[in-house]
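Scroll down for the structure; my scribbles are underneath it.
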Amino acid sequence: MTTTTNLTAGLTAAHRERLMRVAREVSFDADTRLFEEGRRADRFWIVRTGTVVLDLRVPGRRAAAVESLGHGELVGWSWYFAPYVWHLGAQAATPVRAWEFDAEIVRAMCARDAEFGRAVAEWVGRVIADRLHASQVRLLDLYAPYGSGSRI
């Protein structure tokens, strides 16, 4: 699946190649928590294989799953904006193989090269918009009297 939040559609080949130079391969067993909402966001991942579920704490209820991410999808955007604190939680739903990136290194790359930085900022911005919309729709589906179907 290729969406605007997918790495392939989100960055040009040259920018992808540059980003991938600082990637390291990691893997997570199913049910492993990648991060918790409210904790320090110092890294991010791009899924190679498997599924990661994003969740949102809802007071008085258990966390609500708001989106599932798969191949090529960016896991985590909170690393890009101060104060670098996760806005959602994430858990491996299946065994996951991913590329992991150190946020400080990528932010420094963005600061040194305005064109690269702008491309990453636009990609991360599209991810944020997509995740916000998915979260709103999911919460309306879960908690509105008749569900949502959509926000419109």
Side-chain angles (χ1 to χ4, degrees), residues 1-59 61-139 141-142:
M1 178 176 191
T2 300
T3 67
T4 59
T5 63
N6 186 288
L7 176 64
T8 304
L11 294 174
T12 66
H15 290 142
R16 285 193 310 271
E17 181 181 316
R18 183 151 185 215
L19 181 64
M20 293 308 294
R21 287 185 206 141
V22 298
R24 75 179 190 103
E25 292 185 36
V26 297
S27 60
F28 303 99
D29 293 330
D31 298 324
T32 300
R33 291 295 288 177
L34 278 68
F35 53 86
E36 296 290 342
E37 185 178 344
R39 300 243 174 108
R40 185 169 170 256
D42 61 354
R43 66 197 69 235
F44 63 96
W45 302 266
I46 297 172
V47 177
R48 296 177 63 207
T49 63
T51 303
V52 174
V53 174
L54 300 178
D55 55 46
L56 177 66
R57 285 187 289 197
V58 180
R61 300 180 184 259
R62 64 182 197 156
V66 293
E67 192 167 9
S68 294
L69 306 176
H71 176 74
E73 293 289 342
L74 174 65
V75 179
W77 56 264
S78 301
W79 62 273
Y80 194 78
F81 299 100
Y84 313 118
V85 174
W86 294 117
H87 288 81
L88 299 169
Q91 183 164 321
T94 66
V96 171
R97 291 177 45 220
W99 288 294
E100 183 177 83
F101 300 85
D102 180 293
E104 192 171 324
I105 290 171
V106 176
R107 287 192 306 264
M109 291 168 61
C110 291
R112 282 192 304 271
D113 179 338
E115 183 182 337
F116 178 76
R118 187 172 34 262
V120 171
E122 288 176 6
W123 178 44
V124 171
R126 285 191 303 273
V127 169
I128 293 168
D130 184 69
R131 304 276 159 78
L132 177 60
H133 177 74
S135 297
Q136 290 171 325
V137 169
R138 180 66 176 141
L139 291 175
D141 283 342
L142 289 172

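Computed from a prediction, not measured in an experiment: that's the story for all the values here.
To the nearest 0.5 Å, atoms CD (Glu36) and CH2 (Trp86) are separated by 11.5 Å. The distance from the CD1 atom of Ile46 to the CG atom of Leu11 is 7.5 Å, given to the nearest 0.5 Å. The distance from atom CE of Met20 to atom CD of Glu17, rounded to the nearest 0.5 Å, is 10.5 Å. Atom CG of Leu54 and atom CD of Glu73 lie 9.5 Å apart (nearest 0.5 Å).
In this structure, the side chain of Thr51 does not engage the main chain of Thr94 through any donor-acceptor pair within 3.5 Å. At least one donor-acceptor pair under 3.5 Å links the side chain of Arg107 to the backbone N or O of Trp79. Distance alone, capped at 3.5 Å, is enough to place a donor-acceptor pair between the Arg57 side chain and the Glu37 backbone. With His87 contributing its side chain and Val85 its backbone, the two residues share a donor-acceptor pair below 3.5 Å.
Taking Asp42 as the reference, Arg40 meet the side-chain contact (heavy atoms from CB on, under 4.5 Å) condition, with sequence neighbours excluded. In this structure, the side chain to side chain donor-acceptor pair (under 3.5 Å) partners of Arg24, at least two apart in sequence or on a different chain, are Glu100. Partners of Tyr80 under the ring pair (Phe, Tyr, Trp, His ring centres under 6.0 Å) rule, at least two apart in sequence or in another chain, do not exist in this structure. Taking the side chain to side chain donor-acceptor pair (under 3.5 Å) definition, one finds that Gln91 meets it with Arg33, sequence neighbours left out. Legend: residues meeting side-chain contact (heavy atoms from CB on, under 4.5 Å) with Thr49, ordered by chain and number and at least two apart, are Arg97. Scanning for side chain to side chain donor-acceptor pair (under 3.5 Å) contacts around Asp102 gives an empty result, with sequence neighbours left out.
In this structure, Ala30 and Ala93 approach most closely via the heavy-atom pair CB-O, 4.0 Å. Considering every non-hydrogen atom in both Val124 and Trp77, the closest pair reads CG1-CB, 3.8 Å. Across all non-hydrogen atoms, the minimal contact from Gly70 to Val47 is O-CB, 3.3 Å.
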side-chain contact (heavy atoms from CB on, under 4.5 Å) evaluation trace for Ser78 with Tyr84: CA-CA 5 Å; Ser78 301; Tyr84 313 118; over 6 Å; no
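In this structure, Phe28 and Trp45 have perpendicular ring planes: the angle between them is above 60°, well past the 30° mark.
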